[in-house]
Amino acid sequence: MNLPNKLTMLRVLLVPVFMVFAAFGKYGTADYNATCMLVAGIVFAVASFTDFLDGYLARKYHLVTDFGKFMDPLADKCLTTAAFIYMVADGICSPVVLAIILFREFAVAGVRMIAAESGTVIAANMWGKVKTVLQMLTIIFYYFAAALSGPTDVMGVGLITVVLTWLVAAATLLSGGIYLWQNRSCFMQAK
């Protein structure tokens, strides 16, 4: 297993670590824990950085593999979806936004499975990467802002985060539509 793939697997392993701290952050409640919010933000930021780093190393040193093409977006989905689930639980993200994210991810996974039947591996496109970066920046903003502002500025952090999550929903719809359109031939080949 090459270094970019190891970084991808590290990201997968960081997901449950992030989840533990996110679960105990409880922003906007009497049980709010700034330390857990901060640690969750740091773990998420480190995991997000591995996404940039593994892609950079794979392209620069020609270490792109089918495993990486499959596992890298899956690791991103696990990480960001877990974060959005906790943001819904915190009351900071609409369940509609989460549903849009999940629908897009299931649709893209379905297209990839159809393509895989014919031996084709479809890598993420630029719009998917834009969507992922926007998701990651929104999540990082939320956890760091929530940790640093404390329980006194729930409204300010919440309002900005809500706006960002709806921007994520719009980018997710756009990237999903473009992805499905670009790979519509997969539907024609499906048996």
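In what follows, residues are counted from 1 in the order of the sequence shown.
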Are [X] and [Y] side-chain neighbours, meaning at least one heavy-atom pair lies under 4.5 Å?
X: Tyr142; Y: Asp90; answer: yes
X: Thr65; Y: Met1; answer: no
X: Val168; Y: Phe84; answer: yes
X: Met136; Y: Asp76; answer: yes
X: Met87; Y: Ile139; answer: yes
X: Phe70; Y: Asp66; answer: no
X: Leu38; Y: Phe144; answer: yes

Show me the pairs that pass side-chain hydrogen bond (donor to acceptor under 3.5 Å, both in side chains) and involve residues 158-177, at least two apart or across chains. Arg104-Ser175
About how many Å separate [atom2] of [Y] and [atom1] of [X], when rounded to the nearest 0.5 Å?
X: Thr35; Y: Phe24; atom1: OG1; atom2: CZ; result: 13.5 Å
X: Tyr86; Y: Lys26; atom1: OH; atom2: NZ; result: 10.5 Å
X: Leu167; Y: Thr138; atom1: CG; atom2: OG1; result: 7.5 Å
X: Cys93; Y: Ile101; atom1: SG; atom2: CD1; result: 6.0 Å
X: Ile178; Y: Lys131; atom1: CD1; atom2: NZ; result: 12.5 Å

Is [X] linked to [Y] within one hydrophobic cluster, defined over Ile, Leu, Val, Met, Phe, Trp and Tyr using a side-chain heavy-atom separation of less than 4.5 Å?
X: Trp181; Y: Leu174; result: no
X: Val64; Y: Met71; result: no
X: Val15; Y: Val20; result: no
X: Ile100; Y: Phe103; result: no
X: Phe49; Y: Leu57; result: yes

Ignoring hydrogens, what is the shortest heavy-atom contact between [X] and [Y]? Give both atom names and the distance.
X: Ala45; Y: Ile140; value: CA-CD1, 4.0 Å
X: Ala40; Y: Ala22; value: CB-N, 3.8 Å
X: Pro4; Y: Ala58; value: CG-N, 3.6 Å
X: Ala75; Y: Val12; value: CB-CG2, 3.6 Å

Taken in chain and number order and not counting sequence neighbours, the residues that satisfy ring pair (Phe, Tyr, Trp, His ring centres under 6.0 Å) with Phe106 are none
Does Phe44 have any ring pair (Phe, Tyr, Trp, His ring centres under 6.0 Å) partners at least two apart in sequence or in another chain, and if so, which? Phe18
Could you label the plane-to-plane angle of the Tyr56 and Phe52 rings as parallel, tilted or perpendicular, counting under 30° as parallel and over 60° as perpendicular? parallel
Would you say the side-chain atoms of Asn2 pair up with the backbone N or O of Leu63, donor to acceptor, closer than 3.5 Å? yes
Do Tyr27 side-chain atoms and Gly158 backbone N/O form a donor-acceptor pair below 3.5 Å? no
Taking salt bridge (charged side-chain N to carboxylate O under 4.0 Å, His left out) as the definition, give me every residue that meets it alongside Asp51, ordered by chain and number, with sequence neighbours left out. Arg11
Could you pull out all residues at least two apart from Lys77 that satisfy salt bridge (charged side-chain N to carboxylate O under 4.0 Å, His left out)? Glu105
Considering residues at least two apart in sequence or located in another chain, which fulfil the side-chain hydrogen bond (donor to acceptor under 3.5 Å, both in side chains) criterion with Ser94? none
Partner of Ser48 under side chain to side chain contact (heavy atoms under 4.5 Å, CB included), picked from Val133, Thr80, Leu79, Leu137, is Leu79
Could you check Asp72, Thr8, Leu10 and say which one makes a side chain to side chain contact (heavy atoms under 4.5 Å, CB included) with Thr50? Leu10
